[in-house]
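Heads up: the structure comes next, in structure tokens.
All of these numbers come straight from a predicted model, not from anything done at the bench. We use all heavy atoms of the structure for the numbers below, so side chains are in, but hydrogens, waters and symmetry mates are not.
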Amino acid sequence: MDKHRDSGITAAGLHLLAMALMLCDHLWAALFPAAEWLTCIGRMAFPIFAFLLAEGYRRTRDVRRYLLRLLAGALLSEIPFNLFYSGSAVYPYHQNVLWTFFIALLLMILLDRVRQRFRPIPAVLLSAALVLLGFLLGYGTMADYYGAGVLTALVFYFFREKNVKCLLGQLVCLYILHVHILGGYYYSIPVSGFEIQIVQQGLALTALVPIWLYRGRQGRHSRAFRAFCYLFYPVHMLALFLLREMLLA
């Protein structure tokens, strides 16, 4: 049994994989727009981060501190994100992805409190209202990936077990969110005289493969590693912005 558990991917491994995939996507956006394969594989990053958020919430011993770390990361990342995204330090029309996760984490906390304090029928109704509120907040605040991004994290909150029902729930919900709601850019691929259309954002569903290989082990969990994971997001965006500006000068 221990050998089987050791064969899976750790949470630390998922973090490193997601950061590498995010870097690929941002390299495409900042420096290599012709290399579309970079953004295609980069589609996998967000669902992995969303899964890690839900997993972190489930395992944390101090949810308040977890929430404050996310808030601090969102504030720290805002100017680097604005510079990277728009070239300006102030850009109110789109917010960095840590705000998306901050909204999602708040909702997870509220959903647990509703489940604990109310009878089943009121709890279901209030939970549905909270999910809708999260979806609207994602769009209203213009956080990265919008309302669909908030709901992606909630998918992993609701379908958290390692069983067929939850795996199918993740697959169906991510298909709706990333193909039907976020999807927009299509690739046409000829196959035996027919053209098959693939939604670029639909490639996010391939993130379920490493997620399903996760076996619940934390892996590296030092303070230095956690700091690296939080700082990587703003630092790499700032570095890519500066490099792009140097190349364009």
Q | Min side-chain heavy-atom separation His236-Phe84 under 4.5 Å | A | no
Q: Under 4.5 Å between side-chain heavy atoms, chaining through other members, with only Ile, Leu, Val, Met, Phe, Trp and Tyr counted: pull out the rest of the cluster around Leu168, sorted by chain and number.
A: Val164
Q: Mark yes or no for whether Thr60, through its side chain, and Gly56, through its backbone, hold a donor-acceptor pair below 3.5 Å.
A: no
Q | Approximate separation, where rounding is to 0.5 Å, of Leu106 CG and Leu67 CG | A | 5.0 Å
Q: Decide ring pair (Phe, Tyr, Trp, His ring centres under 6.0 Å) for Tyr91 and Tyr85; before the verdict, give the C-alpha distance in whole Å, the side-chain angles of both, and the deciding distance to 0.1 Å.
A: CA-CA 9 Å; Tyr91 188 73; Tyr85 193 85; 5.7 Å; yes
Q) Does Tyr93 belong to the same Ile/Leu/Val/Met/Phe/Trp/Tyr cluster as Tyr139, with side-chain heavy atoms less than 4.5 Å apart forming each link? A) yes
(Q) Could you tell me if the side chain of Val131 sits less than 4.5 Å from the side chain of Val150, heavy atoms only? (A) no
**Q.** Whichever hydrophobic residues join Leu242 through chains of side-chain contacts under 4.5 Å
**A.** Ile79, Leu83, Leu238, Phe241
Q. Going from CG on Leu126 to CG on Leu111, what distance comes out if it is rounded to the nearest 0.5 angstrom?
A. 9.5 Å
(Q) Between Thr39 and Asp25, is the side chain to side chain donor-acceptor pair (under 3.5 Å) condition met? List the steps. (A) CA-CA 4 Å; Thr39 189; Asp25 187 41; 2.6 Å; yes
Q: Quick one: closest heavy-atom pair of Val199 and Val179, and the distance?
A: CG2-CG1, 3.9 Å
Q) Does atom CD1 of Ile121 have more than 12 heavy-atom neighbours, drawn from other residues, nucleotides or ligands, at distances under 6.0 Å? A) no
Q: Search all heavy atoms of Leu53 against all heavy atoms of Leu105 and return the closest pair with its distance.
A: CD2-N, 4.3 Å
(Q) List the residues meeting side-chain hydrogen bond (donor to acceptor under 3.5 Å, both in side chains) with Thr100, not counting sequence neighbours, and say none if there are none. (A) none
Q.
Could you report the tightest heavy-atom contact between Ala89 and Asn82, atom names first, then the distance?
A. O-ND2, 3.0 Å
(Q) Looking at every heavy atom in both Ser77 and Leu98, which two are closest together, and how far apart are they? (A) OG-CD1, 3.7 Å
(Q) Looking at Glu36 and Pro33, would you say the former's side chain and the latter's main chain have a donor-acceptor pair under 3.5 Å? (A) no
Q | Asp112/Met108 under side chain to side chain contact (heavy atoms under 4.5 Å, CB included): CA gap, chis, key distance, verdict | A | CA-CA 6 Å; Asp112 268 356; Met108 291 176 196; over 6 Å; no
**Q.** Test side-chain hydrogen bond (donor to acceptor under 3.5 Å, both in side chains) applied to Gln200 - qualifying residues, sequence neighbours left out
**A.** Tyr187
Q) Would a 4.5 Å heavy-atom cut-off, applied to side chains only, mark Leu14 and Tyr214 as touching? A) yes
Below 3.5 Å, can you tabulate the donor-acceptor pairs from side chains in residues 201-211 to any protein atom, sequence neighbours excluded?
residue : atom : partner : partner atom : Å
Gln201  : OE1  : Arg43   : NH1          : 2.9
Gln201  : NE2  : His178  : ND1          : 2.9
Thr206  : OG1  : Leu203  : O            : 2.6

Q) Do Leu110 and Val63 sit in the same hydrophobic cluster, where Ile, Leu, Val, Met, Phe, Trp and Tyr count as joined when their side-chain heavy atoms come under 4.5 Å apart? A) yes
Q. If you group Ile, Leu, Val, Met, Phe, Trp and Tyr whenever their side-chain heavy atoms sit less than 4.5 Å apart, what else falls in with Met246?
A. none
(Q) Donor-acceptor check, side chain of Tyr233 to backbone of Val97, threshold 3.5 angstrom: yes or no? (A) yes
Q. What pairs of residues pass the side chain to side chain donor-acceptor pair (under 3.5 Å) test when at least one of them lies in residues 10-19, not counting sequence neighbours?
A. none
**Q.** Same apolar cluster: Leu213 and Val155, side chain cutoff 4.5 Å
**A.** yes
Q. So, Phe49 versus Phe51, ring centres under 6.0 angstrom or not?
A. no
Q. Among pairs that include at least one residue of residues 116-134, which meet side chain to side chain donor-acceptor pair (under 3.5 Å), considering only residues two or more places apart or in two chains?
A. none
Q) By side-chain hydrogen bond (donor to acceptor under 3.5 Å, both in side chains), which residues pair with Arg244, not counting sequence neighbours? A) none
Q: Taking all non-hydrogen atoms of both residues into account, name the closest pair between Cys24 and Leu38 and its distance.
A: O-CB, 3.4 Å
Q) Would Leu76 and Leu231 count as a side chain to side chain contact (heavy atoms under 4.5 Å, CB included) if you check the C-alpha gap in whole Å, the side-chain angles of each, and the deciding distance to 0.1 Å? A) CA-CA 9 Å; Leu76 180 66; Leu231 290 174; 3.8 Å; yes
Q: Please confirm whether the backbone N or O of Ala74 pairs with a side-chain atom of Asn96, one donor and one acceptor, at under 3.5 Å?
A: yes
Q. Residues two or more places apart in sequence or in another chain: which of them pass side-chain hydrogen bond (donor to acceptor under 3.5 Å, both in side chains) with Glu245?
A. none
Q) What pairs of residues pass the side chain to side chain donor-acceptor pair (under 3.5 Å) test when at least one of them lies in residues 158-172, not counting sequence neighbours? A) Gln170-Trp212
Q. Any ring-ring contact (aromatic ring centres under 6.0 Å, His included) pairs touching residues 157-176, not counting sequence neighbours?
A. Tyr175-His180
Q: Run the numbers on Asp144 and His94 for side chain to side chain contact (heavy atoms under 4.5 Å, CB included), then give the verdict.
A: CA-CA 7 Å; Asp144 206 15; His94 201 65; 3.0 Å; yes
Q. Would a hydrophobic clustering, with Ile, Leu, Val, Met, Phe, Trp and Tyr connected at side-chain separations under 4.5 Å, put Phe118 with Leu125?
A. no
Q: Please check if atom CZ in Arg113 has more than 12 non-hydrogen atoms from other residues, nucleotides or ligands closer than 6.0 Å.
A: no
Q: Tell me whether Met142 is reachable from Ile103 by hopping between hydrophobic residues (I, L, V, M, F, W, Y) whose side-chain heavy atoms are closer than 4.5 Å.
A: yes
Q. Are Leu177 and Leu182 close enough that some pair of their side-chain heavy atoms sits under 4.5 Å apart?
A. no
Q) Parallel, tilted or perpendicular: which fits the ring planes of Phe225 and Phe228, with parallel below 30° and perpendicular above 60°? A) tilted
Q: Might you point out which heavy atoms bring Pro47 and Leu174 nearest each other, and give the distance in Å?
A: CB-CD2, 4.2 Å
Q: Check each of Phe101, Tyr146, Phe156 against Phe46 using the ring-ring contact (aromatic ring centres under 6.0 Å, His included) test, and report the only one that passes.
A: Phe101
